[in-house]
**Student:** 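My questions will all concern the structure given below.
Each ligand, and each atom within it, is numbered from 1 in the order the structure gives.
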Amino acid sequence: MPVMGAETFADGLSLHAGGGAFITAASFAALGWPVSLLSALPSPPFEAVVQGDIAAANVDASLCSKGDTAVGPQITVAIARGGDRSFLSHKAGAALPQMESLEGPWTHLHFGELRSLVEHQDMIAKARAAGMTISADCGWDDELLAQGESLAEILSAVDVFLPNEAEFDRLCASGLLEGAVPLTAVKCGAKGARARGVDGWIHQPTKPVQVIDATGAGDAFNGGFLSGWLEGQALSDCLIAGNICGAASVGQAGGTGGLGQIKGALTGAA
Ligand SMILES: Nc1ncnc2c1ncn2[C@@H]1O[C@H](COP(=O)(O)OP(=O)(O)OP(=O)(O)O)[C@@H](O)[C@H]1O
Ligand SMILES: [Mg+2]
């Protein structure tokens, strides 16, 4: 890892569109769903790369807003090493453009991170008014993870919550009750995932694969899990679909590199 006053050399460097919302959208699109991204694009010079990746993933970007050049681009430097990764991020204003209404062709709204859900709570009523179901990933956020008890109300307004194991443990330690959300899917890395619906917890192990870049595995998992859930599949099949998408993502650099294979892998597993 970089050390102040020294220089560290990486084996490789690549530039990708990222973020939980985009990677989950790309995972949905790879499974054949029409999907729109509602996000603020980074300002130049990164905007062109990100727009190219969004188009290549077959995700509609027409609702995205332009980045503000005055505050600089929102980018993350991800250093992947030894199966884990470290992030250095620059945040630049609101993550999503304001939407007056969510009436449209959409049936489901996914929040890429808990912070967006907390900052855009108006979207919950707008999604419900438009007849949509709602899900949210968690994402690492020290401040929010310490507020499990007070987040219970807002989390109970979504249908599916998808934290990873460390995030869920922190939220429960700070007072979130396990059953606060109707359906919780907890991602457990190479151990697979577990879900708690009306009948309690079920665990679905996975076959560990070699990790090239762990970034975005959880978001790719979301696309697979939610795709099964929206189709009314059994919870164990939703977990299997999530595990297949997560494993495809960790095997390649960036969050979406391995997603081209997931439709075939899911059909093979069915
Ligand atoms: N080494 C691995 N082998 C096989 N599958 C894996 C591996 N690592 C992750 N996965 C799959 O990806 C899913 C999500 O991974 P993880 O639990 O690391 O999520 P996460 O920490 O939210 O990831 P991120 O926040 O980087 O998107 C796991 O539940 C599992 O299905
Ligand atoms: Mg995650």
Side-chain angles (χ1 to χ4, degrees), residues 16-28 30-31 39 57 76-89 95 110-117 135-142 144-145 155 158 160-171 181 183-196 201-229 233 235-259 261-262 265-266 268-269:
H16 309 276
F22 168 64
I23 298 169
T24 300
S27 178
F28 264 114
L31 293 172
S39 203
T76 291
V77 176
I79 303 175
R81 182 177 174 232
D84 205 348
R85 74 280 191 253
S86 176
F87 296 140
L88 174 65
S89 291
H110 175 74
F111 288 88
E113 54 182 22
L114 190 51
R115 174 64 67 179
S116 308
L117 177 68
S135 58
D137 197 309
C138 187
W140 194 265
D141 186 318
D142 276 317
L144 290 179
L145 291 176
L155 280 171
V158 309
V160 191
F161 181 45
L162 302 120
N164 69 20
E165 199 168 31
E167 292 156 358
F168 190 61
D169 287 350
R170 285 277 290 263
L171 283 171
V181 187
L183 175 57
T184 300
V186 178
K187 296 161 276 191
C188 310
K191 291 181 294 178
R194 64 181 198 270
R196 185 187 193 282
W201 288 103
I202 59 167
H203 179 245
Q204 190 65 50
T206 194
K207 196 164 147 259
V209 298
Q210 199 201 343
V211 178
I212 303 295
D213 179 0
T215 312
D219 305 309
F221 174 101
N222 296 343
F225 182 90
L226 292 168
S227 176
W229 181 75
Q233 291 179 15
L235 214 43
S236 55
D237 290 333
C238 299
L239 287 168
I240 290 170
N243 281 340
I244 289 172
C245 295
S249 168
V250 295
Q252 304 249 347
T256 56
L259 296 181
Q261 317 141 17
I262 60 178
L266 273 184

**Student:** Could an N or O of ligand 1 be found under 3.5 Å from any N or O of V209, whether backbone or side chain?
**Tutor:** yes

**Student:** Tell me, which protein residue and heavy-atom name are nearest atom 31 (O) of ligand 1, and how many Å apart are they?
**Tutor:**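 Residue, atom and distance for the closest contact: N243 OD1, 2.7 Å.
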
**Student:** Tell me the closest heavy-atom pair linking D219 and T24, and the distance in Å.
**Tutor:**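 What the structure gives for the nearest pair is O-OG1, 3.1 Å.
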
**Student:** Please state which part of C188 comes within less than 4.0 Å of ligand 1, counting heavy atoms only: side chain, backbone, both or neither.
**Tutor:** backbone

**Student:** Output the list of atoms in ligand 1 that are nearer than 4.0 Å to some heavy atom of G216, sorted by atom number.
**Tutor:**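 Near G216, the atoms of ligand 1 are 24 (P), 26 (O), 27 (O).
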
**Student:** For the 3.5 Å polar cut-off, considering only N or O atoms, please tell me whether F221 and ligand 1 meet it.
**Tutor:** no

**Student:** Tell me which protein heavy atom sits closest to atom 12 (O) of ligand 1, plus the residue, atom name and distance to 0.1 Å.
**Tutor:** G246 CA, 3.3 Å

**Student:** For G228 versus C238, what's the shortest heavy-atom pair and its separation?
**Tutor:** C-SG, 3.6 Å

**Student:** Just going by heavy-atom distances, which of A248, G224, G218 is nearest to atom 19 (O) of ligand 1?
**Tutor:** G218

**Student:** Is H203 reaching over with its side chain to a backbone N or O of G192, donor-acceptor style, under 3.5 angstrom?
**Tutor:** no

**Student:** How close do S135 and L226 get, counting heavy atoms only, and between which atoms?
**Tutor:**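 Minimum heavy-atom contact is OG-CD1, 3.4 Å.
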
**Student:** For R115, what residues pass the side-chain contact (heavy atoms from CB on, under 4.5 Å) criterion, not counting sequence neighbours?
**Tutor:**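 Partners of R115 by the side-chain contact (heavy atoms from CB on, under 4.5 Å) criterion, ordered by chain and then number, come out as K91, E113, E119, D141, E143, L144.
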
**Student:** Tell me, which protein residue and heavy-atom name are nearest atom 25 (O) of ligand 1, and how many Å apart are they?
**Tutor:**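 Going atom by atom, the protein heavy atom closest to atom 25 (O) of ligand 1 ends up being R85 NH2, 3.1 Å.
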
**Student:** Can you name the atoms of ligand 1, numbered from 1 with element, that are less than 4.0 Å from a heavy atom of K207?
**Tutor:**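 With K207 as reference, the close atoms of ligand 1 come out as 4 (C).
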
**Student:** Show the nearest heavy-atom pair for residues A136 and L117, with the distance to one decimal.
**Tutor:**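 That closest heavy-atom pairing would be CB-CD2, 4.2 Å.
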
**Student:** If every non-hydrogen atom of G223 is compared with every non-hydrogen atom of L31, which pair is closest and at what distance?
**Tutor:** O-CD1, 3.8 Å

**Student:** With heavy-atom distances below 4.5 Å as the criterion, would you say the side chains of F168 and R194 are in contact?
**Tutor:**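 Yes, at least one pair of side-chain atoms sits under 4.5 Å.
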
**Student:** Do ligand 1 and G242 have nitrogen or oxygen atoms that lie under 3.5 Å from each other?
**Tutor:**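 There is no such contact.
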
**Student:** Which option, N164, L239, T206, T215, owns the non-hydrogen atom nearest atom 22 (O) of ligand 1?
**Tutor:**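 Checking each option, the heavy atom nearest atom 22 (O) of ligand 1 is found in N164.
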
**Student:** Do F221 and I23 have side chains that get closer than 4.5 Å, going by heavy atoms?
**Tutor:** no

**Student:** In the protein, which heavy atom is nearest to atom 18 (O) of ligand 1, and how far is it?
**Tutor:** G189 CA, 3.8 Å

**Student:** Could you tell me, atom by atom, which parts of ligand 1 come under 4.0 Å of a heavy atom of G192?
**Tutor:** 28 (C), 29 (O)

**Student:** V211 heavy atoms, cut-off 4.0 Å: which ligand 1 atoms fall inside?
**Tutor:**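 Near V211, the atoms of ligand 1 are 1 (N).
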
**Student:** Below 4.0 angstrom from a heavy atom of P208, which ligand 1 atoms are there? Numbered from 1 as shown, please.
**Tutor:** 3 (N), 4 (C)

**Student:** Could you check if a side-chain atom of V77 sits within less than 4.5 angstrom of a side-chain atom of F87, using non-hydrogen atoms only?
**Tutor:** no

**Student:** Closest non-hydrogen protein atom to atom 15 (O) of ligand 1, residue and atom name please, with distance?
**Tutor:**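 The closest heavy atom on the protein side is A217 CB, 3.6 Å.
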
**Student:** A193 to ligand 1: N or O pair under 3.5 Å?
**Tutor:**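 No, A193 has no N/O under 3.5 Å of an N/O on ligand 1.
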
**Student:** How would you list, by chain and number, every residue that makes a side-chain hydrogen bond (donor to acceptor under 3.5 Å, both in side chains) with D137, sequence neighbours excluded?
**Tutor:**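 For D137 the side-chain hydrogen bond (donor to acceptor under 3.5 Å, both in side chains) partners, ignoring immediate neighbours, are K187, N222.
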
